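What follows is a short report on a single structure.
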There are 2 protein chains.
Amino acid sequence: MNGADRQTRTIAEVAEEFGVTHRTLRYYEDKGLISPERRGTQRIFHPRDRVRLGLVLRGRRLGFPLDEIATIVNMYDQQPGEKGQLEYLLSQIDDRRADLEQRRADIEAALAELQTLERRCSEQLRELTRRS
Amino acid sequence: MNGADRQTRTIAEVAEEFGVTHRTLRYYEDKGLISPERRGTQRIFHPRDRVRLGLVLRGRRLGFPLDEIATIVNMYDQQPGEKGQLEYLLSQIDDRRADLEQRRADIEAALAELQTLERRCSEQLRELTRRS
DNA sequence: GGCGCGCTTGACGTTGACGTCAACGTAAAG
DNA sequence: CTTTACGTTGACGTCAACGTCAAGCGCGCC
């Protein structure tokens with residue numbers, strides 16, 4: 001029982017798995033994005049830490065600043081809470097959604113333009129190869 | 001004839017229109033993202049500059065680094081070029097598209113999770129208000 | 001012709017997100 | 001028990017993307 005399906009990981013394994021450096025993981029811990037258990041002085045990564053890290057890195061791929069990512073991932077593991085808390089959380093969710101939908105619109109516009117450009121290019125290319 | 005439909009703009013007007021600062025526009029010029037005409041020492045922004053700026057800012061909203069944005073927007077106003085050029089451009093387009101599609105997938109995953117979270121929240125909220 | 005307003009160019013400062021290096025602990029292996 | 005590999009904590013360095021002065025130019029107006 002020391003295969004890839006055991007529950008806990010070292011920092012090096014996690015870094016390897018997610019394609020980040022040791023330094024990045026420490027930085028994320030400083031910023032409160034992850035909080036792996038400590039066995040003595042060493043970090044122990046549990047599955048939940050790796051799930052969180054996955055969320056964080058997705059946020060990073062999307063270009064969100066780390067402090068925004070922090071508020072987002074912290075939305076996911078909150079206690080039920082009282083009414084005001086819940087309403088605040090719901091409003092936060094709406095803000096995030098608006099942001100994401102803006103980004104999706106930007107992406108689709110960009111993809112559409114790329115497609116147009118590609119058509120023009122391959123058109124040109126056909127022109128050239130036909131005349132040669 | 002000095003309304004908002006005249007063709008040329010000052011730096012202050014463009015900054016206002018796009019919600020950026022004077023400094024940002026100068027920085028983008030340094031980086032070759034825009035290249036407004038000069039009347040003496042002053043910058044004159046033509047419609048094409050504003051179109052380019054729009055593309056640049058969309059790239060920025062998407063979290064692309066400025067030098068990547070530079071290569072992207074420069075793809076758009078290239079001369080027809082020769083065969084090698086065109087093939088290179090087509091490969092670049094493919095790279096960009098792959099990136100954008102990854103981002104779109106990330107965004108849709110994030111939106112789906114937000115929706116799940118929102119359902120859980122409003123569920124909880126209904127629980128609370130029902131018992132009060 | 002002096003005044004102010006907008007524009008311009010340096011130049012240095014700042015912030016976020018790490019990279020990198022030094023110095024040290026620790027645990028398993030020979 | 002020493003080596004060796006891996007882990008840890010500072011601390012400083014770096015790079016992108018601007019912010020923020022300071023100092024000066026040009027020009028329209030009273």
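Any value given below was found using the heavy atoms of this structure, including those in side chains, with hydrogens, waters and symmetry copies removed. What you are looking at is a predicted structure, and each value in this text was computed from that prediction instead of being measured. Chain letters run A, B, ... following the sequence lines, proteins first and then strands; every chain starts at 1.
- Among the nucleotides D:dT8, D:dC18, C:dC18, the one closest to the side chain of B:Leu66 is D:dC18.
- When the P atom of D:dA16 is taken as reference, atom CG of B:Leu33 falls 13 Å away, rounded to whole Å.
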Steps toward side chain to side chain contact (heavy atoms under 4.5 Å, CB included) verdict (B:Tyr28, B:Leu57): CA-CA 10 Å; B:Tyr28 288 176; B:Leu57 293 179; 4.0 Å; yes
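- Considering only side-chain atoms of A:Ile11, the nucleotide from D:dG7, C:dC18, C:dG19 that sits closest is D:dG7.
- Regarding A:Phe45, its CZ atom lies at a distance of 11 Å from the C1' atom of D:dG7, rounded to whole Å.
- Along DNA chain D, the nucleotide nearest B:Thr21 and the nucleotide nearest A:Ile44 are compared for position; the residue whose nucleotide lies closer to the 5' end is A:Ile44.
- Proximity of A:Tyr28 to the phosphate of C:dC18: a side-chain N or O atom is located under 4.0 Å from OP1 or OP2.
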Derivation of the side chain to side chain contact (heavy atoms under 4.5 Å, CB included) call for A:Leu66 and A:Ile69: CA-CA 5 Å; A:Leu66 289 189; A:Ile69 295 179; 3.8 Å; yes
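- When the side-chain nitrogen and oxygen atoms of A:Thr10 are compared with OP1 and OP2 of D:dC6, none of them lie within a distance under 4.0 Å.
- Minimum atom distance to the side chain of A:Thr41 is reached by C:dT26, of the listed C:dC18, C:dT26, C:dC7.
- One interatomic measurement links the two molecules: OH of A:Tyr27 to P of D:dG7, which rounds to 22 Å at whole-angstrom precision.
- Comparing C:dC7, D:dT8, D:dG19 against the side chain of B:Arg23 picks out D:dG19 as the nearest.
- Residues B:Glu29 and B:Arg26 are not paired through a salt bridge, judged by the lack of any N-O separation under 4.0 Å between the basic side chain and the carboxylate.
- Contact check, B:Arg60 against D:dA17: no side-chain N or O comes under 4.0 Å of OP1 or OP2.
- Using modelled atom types and a 3.5 Å distance limit, the side chains of A:His46 and A:Gln7 yield no donor-acceptor pair.
- B:Leu25 has its CG atom 10 Å from the P atom of D:dC18, to the nearest Å.
- Distance, B:Asp30 CG to D:dA17 C1': 12 Å, rounded to whole Å.
- The side chain of B:Arg43 places an N or O atom within less than 4.0 Å of a non-bridging phosphate oxygen (OP1 or OP2) of C:dT8.
- Set against C:dA17, D:dC18, C:dG19, the side chain of A:Pro65 has C:dA17 as its closest nucleotide.
- Distance NE2 (A:His22) to P (D:dT8): 6 Å, rounded to an integer number of Å.
- Atom CD of B:Gln42 is separated from atom C1' of D:dC27 by 9 Å (rounded to the nearest Å).
- If you check the side chains of B:Asp106 and B:Gln102, you find a donor sitting under 3.5 Å from an acceptor.
- A:Arg38 comes within 4.0 angstrom of sugar-phosphate atoms only, judged by non-hydrogen atoms across all strands, and of no base.
- Taking atom CG of B:Leu57 as the reference point, atom P of D:dC18 lies 9 Å away to the nearest angstrom.
- Taking every side-chain heavy atom of B:Arg26 into account, C:dG10 is the closest of D:dA16, D:dT9, C:dG10.
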